[in-house]
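Taking it in order: structure first as structure tokens, then the write-up.
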Amino acid sequence: MEEITFLEIWREDMRVAVPVMEQNKNANVGEFGRAPFFAIIEGKNINFVKNPGSEASSGAGVKASQFIINAGVEKVILKKPAGPHASSALEQAGIKIEIRKGLKMLNEIL
């Protein structure tokens, strides 16, 4: 599993997802499978979308991964690693995973 553990600047046209707890720029960053929303960042635009894995009784990370894959995301930024099944699904789809330990709020990366 290839996880990027350093700050990497993304391309202006790259679609990046961050799991968040609320639908605003000051939202706390959540865990990949269980956060209620994803902030989808593309250039200067941010769209907040519901995470379909957040209410799953099991397989939350896999459901979230499938959603991210279908949304055309190229990279996810997380505060801690996703589970092994979710990480594997993202990796197989060619999606980069960047871990930013200590990341608390979405506005820290905007």
Side-chain angles (χ1 to χ4, degrees):
M1 172 174 33
E2 177 189 346
E3 291 182 350
I4 300 170
T5 56
F6 57 89
L7 178 64
E8 178 184 283
I9 304 301
W10 61 80
R11 296 184 328 265
E12 183 70 22
D13 64 339
M14 183 179 257
R15 185 174 265 197
V16 177
V18 181
V20 293
M21 302 306 289
E22 303 165 347
Q23 298 184 69
N24 66 66
K25 291 179 182 182
N26 296 316
N28 288 319
V29 174
E31 294 184 19
F32 180 73
R34 294 292 178 190
F37 306 99
F38 284 111
I40 307 292
I41 306 163
E42 194 166 10
K44 296 188 185 317
N45 298 318
I46 303 172
N47 292 309
F48 295 94
V49 294
K50 184 157 178 47
N51 174 3
S54 67
E55 297 176 358
S57 57
S58 65
V62 174
K63 287 183 173 121
S65 294
Q66 194 58 53
F67 175 79
I68 290 298
I69 293 164
N70 292 340
V73 168
E74 298 170 77
K75 177 180 183 173
V76 293
I77 298 176
L78 307 174
K79 64 181 184 177
K80 68 179 199 173
H85 298 295
S87 293
S88 177
L90 292 170
E91 184 180 274
Q92 287 177 11
I95 296 172
K96 292 182 180 181
I97 302 169
E98 181 176 330
I99 307 300
R100 293 196 186 182
K101 294 185 188 313
L103 179 64
K104 295 185 189 299
M105 300 182 74
L106 178 61
N107 63 12
E108 294 173 33
I109 61 171
L110 299 177

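As the structure is a prediction and not an experimental result, all values here were calculated from the model.
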Name every donor-acceptor pair, under 3.5 Å, that has one atom in a side chain of residues 55-64 and the other anywhere in the protein, sequence neighbours excluded.
from, atom 1, to, atom 2, distance (Å)
Glu55, OE2, Lys50, NZ, 3.2

**Request:** Would you list the pairs meeting salt bridge (charged side-chain N to carboxylate O under 4.0 Å, His left out) in which at least one residue belongs to residues 78-90, sequence neighbours left out?
**Result:** Glu31-Lys80
**Prompt:** Are any of the side-chain nitrogens in Lys96 or Glu98 under 4.0 Å away from the carboxylate oxygens of its partner?
**Reply:** no
**Asked** Who passes side-chain contact (heavy atoms from CB on, under 4.5 Å) against Ala93, sequence neighbours left out?
**Response** Ile69, Ile95
Just list the side-chain donor-acceptor pairs under 3.5 Å for residues 19-27, sequence neighbours left out, or say none.
from, atom 1, to, atom 2, distance (Å)
Glu22, OE1, Asn24, ND2, 3.3
Asn24, OD1, Asn26, N, 2.8
Asn24, OD1, Ala27, N, 3.0
Asn26, OD1, Asn107, ND2, 2.8

Using residues 38-48 as the side-chain source, report each donor-acceptor pair under 3.5 Å to any protein atom, sequence neighbours left out, with the distance given to one decimal.
from, atom 1, to, atom 2, distance (Å)
Glu42, OE1, Arg15, NE, 3.2
Glu42, OE1, Arg15, NH2, 3.0

**Prompt:** Hey, any chance Leu78 and Met105 share a hydrophobic cluster, counting ILVMFWY side chains that come within less than 4.5 Å of each other, even indirectly?
**Reply:** no
**Message:** Taking Leu90's backbone N and O only, do any of them form a donor-acceptor pair with Ser65's side chain (distance below 3.5 Å, no angle check)?
**Reply:** no
**Message:** Between Phe37 and Ser54, is there a side-chain heavy-atom distance shorter than 4.5 Å?
**Reply:** no
**Complete:** Rounding to 0.5 Å, atoms CZ (Arg100) and CD1 (Ile77) come to a distance of 4.5 Å
